[in-house]
Each structure stands twice: as structure tokens, then as C-alpha cells.
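Take a look at the structure below.
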Amino acid sequence: MKFYQLAQIFSKLEKTSSRLEMTDILHKMIKLCTPLEVEKVLYLVTGRVVPKYVSLEFNMAEKMVMKSLSLCFSLEESDVKKLYKEKGDLGIVAEYLSLKESSGKKDMLVNEVFERLKIIAQYRGKESQSKKIEDLSNLLKTLKSISCKYVVRIILGTLRLGIGEKTIIDSLSWVVKGDKSLRKKIERAYYLCSDLGYVGRKLVEDGVKGLDTIVLIPGRPISPELSQREKSAEAIISRLKRAIIQPKLDGLRCQLHKWVEKGKPMVALFSRNLEVLTHMFPEVVKGAEMLEGDSFILDGELVGYREETGEFIPFQQTIQRRRKYDIEKKAGEIPVSLFCFDLMYLNGEDLTLLPYRERLNKLERLIPQNFELSLKVVESNEVSETKEVQKLFDTYVSAGLEGLMAKSPTSQYQPGVRNYDWIKLRRSYEVRLADTIDGVILGYYKGRGKLTKFGIGAFLVGIYNEEKDEFQTIAKVGTGVKEDEWEEIKTNLDKIKVDHLLPRVNIAKELMPDVLVYPQIVVVIRADEITRSPLHTAGKEGDESGFALRFPRLEKFNRPDKTVDEITTVKEIIEMYQH
DNA sequence: TCTGCCTGCCC
DNA sequence: ATTCTGC
DNA sequence: GCAGAATGGGCAGGCAGA
């Protein structure tokens with residue numbers, strides 16, 4: 001298949017909003033491919049050249065791609081940037097620039113483009129940046145304009161077709177069966193092996209029976225089960241009737257594998273997105289080696305934890321353990337434990353099809369209660385009353401935890417699935433507990449993708465520093481805004497546009513908005529937490545860092561009842577932070 | 001050798 | 001991570 | 001309710017250029 005054909009199909013998909021229709025287009029496209037092409041196309045549509053558990057990235061994002069476009073089409077970088085701001089999509093910019101160069105462009109095979117992209121991804125070390133830029137530029141010179149659009153988007157990982165893994169899985173079912181009845185089966189195979197290209201190729205080569213060889217193997221990560229959110233204890237009980245309740249810890253999701261190879265115990269750790277974490281947490285690896293049980297796969301949350309005091313360490317510190325160097329040193333400063341909550345495999349047996357209650361029992365037998373080597377089983381309570389859930393929630397929240405997880409005691413472990421078998425209730429979903437601030441808009445940024453048409457995709461929010469008598473930034477906000485609100489915000493802000501940074505407004509250069517405005521419009525911002533910030537200027541004193549909001553979102557645009565004199569102050573933020 | 005920019009990956 | 005939108 | 005696509009703060013590490 002020619003890449004050009006693929007690009008045309010992408011173009012058609014992009015114009016389609018009905019998922020049924022997208023599935024139809026996609027499955028017909030797959031039918032046109034040879035098995036090897038299927039494999040490659042499926043990697044490409046997920047913005048990769050290898051399955052996601054293999055760590056080969058393009059290491060090329062918007063800045064690098066802009067450089068490549070400027071080289072390819074002999075433009076100043078500033079002009080490319082201008083076009084990007086205007087069109088909100090570097091793929092569209094590439095297509096536009098390529099179209100202006102009318103000379104006859106060649107067609108390339110999907111396979112060729114795939115190989116060229118793989119080469120680009122593989123460059124590393126000295127001069128790798130310029131090689132990537134040059135290779136992409138050469139590739140774009142060869143391709144037709146519509147192909148340029150999608151090549152650029154593949155590299156950026158934003159194909160924007162409205163097609164994700166789930167839709168691809170449905171399409172694969174259609175390829176084999178003519179309907180979506182195979183979805184569950186394909187989905188399970190995929191989430192067990194985490195290689196969509198392989199699953200696609202196997203299906204096309206051997207049909208459904210091709211999937212039978214895909215089973216749980218210790219050492220190979222599976223996609224973790226995910227949770228839905230709920231807003232109250234009541235909603236949880238109304239969905240689950242009975243639930244196993246656990247504290248929600250603020251760390252990194254981690255899957256632990258242990259197996260035996262050549263008589264030696266092996267251990268591997270994987271992140272939520274199947275990245276290898278093994279070498280970063282030696283204390284957890286040692287713990288797993290000491291544990292009885294030759295082979296198992298378990299699921300848990302890695303979190304900074306001081307055994308002596310029972311104190312949990314904040315996420316901002318725990319995450320510093322995700323590193324390549326100085327591991328032992330950091331391990332001394334920030335010890336972690338893996339708080340386990342599920343067991344998917346034990347001594348040769350796949351446990352995923354057992355009810356959760358049974359998996360949990362086996363887990364509790366595997367890890368002794370007082371096991372001290374950085375491995376613990378998370379506390380569980382099985383309840384059926386709303387007030388029991390509420391009580392546990394209050395307990396966990398007052399202990400400074402994120403909230404709770406509620407799980408159906410009878411559900412299987414469904415890799416990669418996000419449904420109401422697992423429900424999270426976060427501290428911040430409760431209005432009375434969330435941090436809310438009144439801030440003033442200091443400027444806004446152009447939007448990308450589907451927000452391009454509004455000319456705004458985020459805005460910068462400041463609070464007031466009474467000591468320095470200036471506005472300082474505390475968050476960028478780009479979520480919680482409805483489409484008509486985007487329009488309203490843009491209109492309002494454009495009326496108070498200023499063409500230079502005003503005195504008494506303190507913004508770090510990295511956060512400088514595309515459009516600055518007069519500080520006048522007051523907004524209510526909700527957040528989960530106040531954190532120290534290396535970037536935002538709120539409360540910043542010399543070398544001391546400022547403050548920022550964790551997970552900021554718009555609660556209310558334009559509070560006409562409040563004026564700029566009444567917005568949240570740095571002093572108040574510091575009080576909230578210390579609380 | 002140091003530093004800033006950029007990217008990828010955690011949440 | 002949160003949130004919005006079309007189906 | 002699902003699936004996808006917008007958007008956030010902030011950490012470490014690689015590379016290029018000073």
C-alpha cells in the first residue's frame with residue numbers, strides 16, 4: 001500500500017464523527033493491507049514505530065518539527081511558528097507549505113515511510129538532533145502534501161483522527177468476523193501483550209485462533225485495570241452494593257513481576273504505561289526477591305513512605321525517585337514502599353478470571369502482614385453501607401491521603417479496562433474540601449487542534465501579592481471550559497488586550513502568554529492542591545520557589561461580584577498551603 | 001564544564 | 001491528572 | 001456511558017551551545 005492511500009483514508013476518517021462509520025472505514029482499510037502492513041499501520045496510528053512497551057520514542061516534538069519545517073521549506077523559524085499559532089496544527093502547516101511547492105512529489109510505500117520514521121526515531125547522541133531534523137525534512141520533500149500532514153502528526157503523536165485503541169479493536173473484529181462480537185476477545189489479547197501491531201497481524205494471518213497463544217507471562221507487562229470516578233459515597237454504594245474499600249495513595253502505579261530464569265529469581269517493575277521502573281526502586285526489587293513464591297504478578301501503588309513513622313511522602317518528592325542516576329542516594333532520602341492491591345498471577349496460574357475478593361485473599365497470604373521490605377498489602381474493608389464508605393473516606397482524607405478506591409468484590413481483573421468495577425472517590429471531588437481560589441486573568445494562549453477555531457486554549461491566572469503590590473502567576477488553566485465559554489472569554493479578553501507587559505505584573509518568561517490583558521477579569525479556579533513551583537511567581541522570594549495549583553480547572557468564569565481588589569492573596573495561599 | 005531548552009513521562 | 005463533546 | 005481530544009504542574013535526562 002502506498003502511504004498516499006493511507007493518508008487519504010486518514011483524511012476521510014478525520015471528516016467523520018460517527019464512530020460506527022469510522023470503524024467501517026478503518027476495517028476496510030485494514031482489509032487492503034498485507035499482514036505486515038497491518039502491523040506497521042497499527043503502530044503508526046498510535047504514533048509509534050514499535051509497541052508501546054518498547055522504549056523507542058521520536059524525541060521530536062513541536063520545536064524540533066518546526067525546525068525541520070523551516071529547513072524543508074526554507075523559512076525562518078519565526079514564520080513557521082507564526083503559521084503554527086494560526087493553524088493550531090503542525091501537520092496542517094506541513095501540508096500547507098508542501099502544497100505551495102508545486103513540484104511533482106513522489107509516492108512512497110507505507111513500508112518505506114515506516115522505515116524512514118524508524119531511522120529518525122533511532123538517532124541518539126551527538127548530532128542526533130540535526131540528523132532527525134534533516135531526515136524529516138528530506139522525507140517531507142519527497143512526499144505529497146497530504147502525506148506530509150500525517151507524517152508530521154504521527155511524529156507528534158497527535159493524529160487527531162478520532163481513532164483510538166478501542167475503535168481499532170472494533171475494526172479488527174469487523175475484519176475477522178464482520179461485526180464487533182470479537183471485541184472482548186481481541187481486547188483481552190491486546191491488553192495482555194500490549195502490542196496492537198502484533199495482535200492485528202496475528203488476526204489477519206491466522207484469524208481468531210491466532211490470539212490463543214497470547215497469555216499472561218511474568219516478565220511481560222499487561223495493561224493495568226483503570227477506574228471510573230464518582231462524586232459521593234452514596235453513588236458508590238448505589239453502583240456496587242457491596243464494595244471493597246481501600247485508601248487511594250498519591251504515588252506511581254506499579255506492576256511487579258517475579259519469575260525464575262535459569263534457577264535465579266528475576267524481578268521487574270512497570271509503570272502505568274508499561275515503562276520499565278525496575279532499576280529505580282532497588283528496595284522493592286529486593287523485597288520481592290525475599291518473598292516466598294516463585295512467580296507472580298501484582299499491582300500496586302509505589303509511594304514514598306517512612307516505615308518508622310508511618311508517614312507518606314508527597315508526590316512531588318516520590319516522583320524524584322523516577323530517575324536513572326544517583327539511585328541509592330535518593331533511595332536514602334526518599335524511601336518507597338509498594339502498597340499492593342491486586343494479584344493477577346501466582347506460581348504458574350492466571351488469577352485474572354477469579355473474583356477480586358479471592359485474588360485479594362491470595363495476595364494477603366503471599367505478603368505477610370509484617371513484611372518489612374518495602375512491600376505491603378494495602379488496607380481493605382468490605383462494606384455495604386453508604387455511611388461506612390463515608391467514614392472511611394473521612395478517615396483517609398484526614399490522614400492526608402487522596403481519597404479512596406472502591407472495588408467490586410466479584411469482578412475479574414480486566415487489563416486495560418476502565419469501568420465502574422473500580423471507582424475512585426477523590427478528596428477534590430467533594431466541593432467542601434477542594435481548594436478554590438479567586439484569581440485574575442493576565443493573558444491567554446492560542447489553542448491547538450479543535451480549540452484552534454476559538455483562538456484560545458488556555459489562560460494565565462494570577463493572584464495578588466500585597467507586600468510587593470503586584471500580580472503573580474499561580475496557574476495556567478485550559479480545562480473546565482465549555483465551548484461557548486471559550487468564545488465568551490476570548491471576546492472579553494480581547495477588549496482589554498495590552499501590547500506589553502504591564503508594571504506590577506510578574507510573569508516568568510516560559511509562561512509568557514500569546515496575548516496579554518489588563519488584569520480585570522476575576523475567575524474562580526478549582527484545584528486539588530497547592531504545591532511549590534519552580535516556575536510560577538506567586539509567593540516567589542529570590543531563590544525560594546513560588547506556589548502553583550495542582551490540576552487547576554475553571555470553576556466559574558467572570559465573577560462580576562468580585563473586583564480585582566478582592567482576589568486571593570499570596571498570604572492566603574501560604575495559609576492554605578500550610579494547612 | 002556548565003546551563004538552558006526540549007522532550008517524555010509521571011500525576 | 002480533569003474536563004468537555006458527539007454519538 | 002464510552003471514547004477521544006483538549007488542557008494542567010513538574011520531575012529527570014539528553015543534547016547543543018556558551
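If you're wondering where the values come from, they're calculated on a predicted model, not measured in any experiment. Hydrogens, waters and symmetry mates are skipped; everything else that's a heavy atom, side chains included, is used. Just so we're on the same page: letters track the sequence lines, and every chain starts at 1.
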Kindly state each residue pair satisfying ring pair (Phe, Tyr, Trp, His ring centres under 6.0 Å) with at least one member in residues 312-337 of chain A, sequence neighbours excluded. A/Y305-A/F312, A/F312-A/F339

Which residues pass the side chain to side chain contact (heavy atoms under 4.5 Å, CB included) test with [X], not counting sequence neighbours?
X: A/E487; value: A/F454
X: A/E572; value: A/T568, A/T569
X: A/D342; value: A/D299, A/M344, A/Y356, A/R359, A/Y413, A/W422
X: A/E333; value: A/K329, A/K330

What pairs of nitrogen or oxygen atoms, one from the protein and one from nucleotides 4-6 of chain B, lie under 3.5 Å apart?
none

Please round to the nearest 0.5 Å and tell me the distance separating atom CG of A/L442 and atom CZ of A/F471. 7.5 Å

Quick check on contacts: within residues 153-164 of chain A, what sits under 4.0 Å from DNA chain D by heavy-atom distance? A/R160, A/L161, A/G162, A/I163, A/G164

Hey, can you pull the donor-acceptor pairs under 3.5 Å for the side chains in residues 543-551 of chain A, sequence neighbours left out?
{"residue": "A/R550", "atom": "NH1", "partner": "A/D250", "partner atom": "OD2", "Å": "2.7"}
{"residue": "A/R550", "atom": "NH1", "partner": "A/E529", "partner atom": "OE1", "Å": "3.0"}
{"residue": "A/R550", "atom": "NH2", "partner": "A/D250", "partner atom": "OD1", "Å": "3.3"}

With sequence neighbours left out, write down each residue that passes salt bridge (charged side-chain N to carboxylate O under 4.0 Å, His left out) with A/R426, or none if nothing qualifies. A/E402, A/D528

A correct 5'-to-3' footprint of nucleotides 2-7 of chain C, with B, S and - meaning base, sugar-phosphate only and no protein heavy atom under 4.0 Å, is BBSSSS

Which pairs of donor and acceptor atoms, one on a side chain in residues 477-484 of chain A, lie under 3.5 Å apart (sequence neighbours left out)?
none

Residues 222-230 of chain A side chain polar contacts: donor-acceptor under 3.5 Å, at least two apart:
{"residue": "A/E225", "atom": "OE1", "partner": "A/Q414", "partner atom": "N", "Å": "2.7"}
{"residue": "A/E230", "atom": "OE2", "partner": "A/R239", "partner atom": "NE", "Å": "2.7"}
{"residue": "A/E230", "atom": "OE2", "partner": "A/R239", "partner atom": "NH2", "Å": "3.3"}

